[in-house]
There are 2 protein chains.
Amino acid sequence: MLRVSRLTDYATVVMTCIAASPGEVLSTAQIADATHLELPTVSKLLKTLGHAGLVESFRGVNGGYRLARPASTINLAEIVEALEGPIGMTECGVSEGQCDRESQCGVRGSWQRINSVLDDALRAVSLADMLHPPVHRTQVTVALSELKGRTTA
Amino acid sequence: MLRVSRLTDYATVVMTCIAASPGEVLSTAQIADATHLELPTVSKLLKTLGHAGLVESFRGVNGGYRLARPASTINLAEIVEALEGPIGMTECGVSEGQCDRESQCGVRGSWQRINSVLDDALRAVSLADMLHPPVHRTQVTVALSELKGRTTA
DNA sequence: TCTAATCAGTACCATTTTAGTCCCGATTCG
DNA sequence: CGAATCGGGACTAAAATGGTACTGATTAGA
């Protein structure tokens, strides 16, 4: 239904979790525990995020991961791209085998415009924003206030 | 890779094709021919689009389909929703079983903002726009500036 | 130097989703 | 009546997705 894959969704959660402890090195197990995701899944995600240069890894005892850059300089688009490759909502921007009518070119142009809006939107949200939601929306504010107590971890 | 399904992509092509002959009733075969898509596939798409009230069908000899409304009043969001259900990029807006930490609520809020921008963008593009691609990006820039307003707030 | 903790890489499997096809019934026109 | 055409659903094949397992490399510390 026009959505990112579940792994991408998880990746944003994992990244936000790491961002919540700036500078600290967290083990995969710690992150899996905190996010309630399966350990192998988290491990896989972190490898991918590592390849993309979004997190730094440390091997050996007391090893783990931390952000490669400050949270404010990492945005949603980078996370999505790390997991799913280049952002684009239709194939037709890439392969165009079946185009023959002028009408379809209009279609392609429109999708490209949509893609561009989406890309800008993803790029406009940083990890830091995800940690401190700058929102006025009702549902979100409710959810936030009900959890306010533990924020000082 | 963060994209709509191929069928949804096809649906926009089919709709644009129909919109190119306003008022005329086109048979599935004609549409399949014009769009270079397989006839059964087009048939399936048109059934779905019919359920969504986007096209009108006529049975019997010389039957076929035409738009249920003027092209300028049908937008991309409606076509996407007809094929894929409600627009939303993550599941977590709907089911929220695994939320326990404040960080994840920030994640959810951010995704909801992205969803909203995307939805606005899709809604801003009409079938008529797809037929006559407007070169200036007015609607889109509106959607964007709206997002920026929210994030910096 | 040995051991345990931890990440790295790869390959594999199960499930779900997606796409495409087909069939048969209903409707309409001539 | 019969041909053209849509309507609904079932079915299958293929692909993506998510999850798991296994083996190897690296490091800290006893």
Side-chain angles (χ1 to χ4, degrees), chain A residues 1-14 18 24-33 35-66 68 80 82-85 89-92 95 98, chain B residues 1-14 18 24-33 35-68 80 82-85 89-92 95 97-98:
Chain A
M1 321 205 177
L2 186 60
R3 49 183 50 157
V4 301
S5 81
R6 210 185 310 173
L7 282 181
T8 302
D9 197 351
Y10 293 168
T12 62
V13 174
V14 165
I18 300 177
E24 278 180 56
V25 172
L26 303 176
S27 74
T28 305
Q30 284 178 295
I31 297 170
D33 194 48
T35 56
H36 296 160
L37 298 170
E38 294 302 319
L39 192 137
T41 301
V42 173
S43 167
K44 195 180 193 178
L45 285 171
L46 287 168
K47 285 174 204 168
T48 305
L49 292 167
H51 289 152
L54 298 179
V55 297
E56 267 183 320
S57 68
F58 300 89
R59 297 173 95 158
V61 178
N62 298 326
Y65 294 88
R66 70 176 179 204
V80 171
L83 273 288
E84 320 206 358
M89 297 220 313
T90 57
E91 291 178 32
C92 118
S95 69
Q98 70 202 10
Chain B
M1 322 212 175
L2 187 58
R3 48 182 54 157
V4 302
S5 80
R6 211 184 311 173
L7 282 180
T8 302
D9 197 350
Y10 293 166
T12 62
V13 174
V14 165
I18 300 177
E24 278 181 56
V25 171
L26 303 176
S27 74
T28 305
Q30 285 178 294
I31 297 170
D33 193 49
T35 56
H36 296 159
L37 298 170
E38 294 303 318
L39 192 137
T41 301
V42 174
S43 167
K44 194 181 195 177
L45 285 172
L46 287 168
K47 287 173 203 172
T48 305
L49 292 167
H51 289 152
L54 298 179
V55 297
E56 266 183 321
S57 68
F58 299 90
R59 297 171 97 163
V61 178
N62 298 326
Y65 295 88
R66 71 176 178 204
L67 296 187
V80 171
L83 273 288
E84 319 206 0
M89 297 219 314
T90 57
E91 291 177 34
C92 120
S95 69
Q98 71 203 8

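This structure is a prediction, so every number in the text was calculated from the model and none was measured. Just so you know, these numbers use all the heavy atoms, side chains as well, and skip hydrogens, waters and symmetry mates. Just so we're on the same page: letters track the sequence lines, and every chain starts at 1.
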So, is [X] close to the [N] phosphate, meaning a side-chain N or O under 4.0 Å from OP1 or OP2?
X	N	value
B:Tyr10	C:dG20	yes
B:Ser57	D:dG7	yes
A:His51	C:dG9	yes
B:Ser5	C:dA19	yes
B:Tyr65	D:dT5	no

So which nucleotide from [options] ends up closest to the side chain of [X]?
X	options	value
A:Ser27	C:dG20, C:dT6, D:dG19	C:dT6
A:Lys47	C:dT21, C:dA8, D:dT20	C:dA8
B:Arg6	C:dG20, D:dG19, C:dC29	C:dG20
A:Arg59	D:dT26, C:dG20, D:dC6	D:dT26

inquiry  = For A:Ala29 and A:Val61, find the nucleotide of DNA chain C closest to each by heavy atoms; which residue's nucleotide sits nearer the 5' end?
reply    = A:Val61
key: Which residue lies more 5' along DNA chain C, comparing B:Lys44 with B:Asn62 via nearest heavy atoms   =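 Whichever sits nearer the 5' end wins; that is B:Lys44.
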ask   = Hey, does B:Thr28 reach any base, or is it just sugar-phosphate, or nothing, if we go heavy atoms under 4.0 Å?
value =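 Contact class for B:Thr28: sugar-phosphate only.
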ask   = If you look at every strand shown and take non-hydrogen atoms under 4.0 Å, does B:Gly63 touch a base, only sugar-phosphate, or nothing?
value = sugar-phosphate
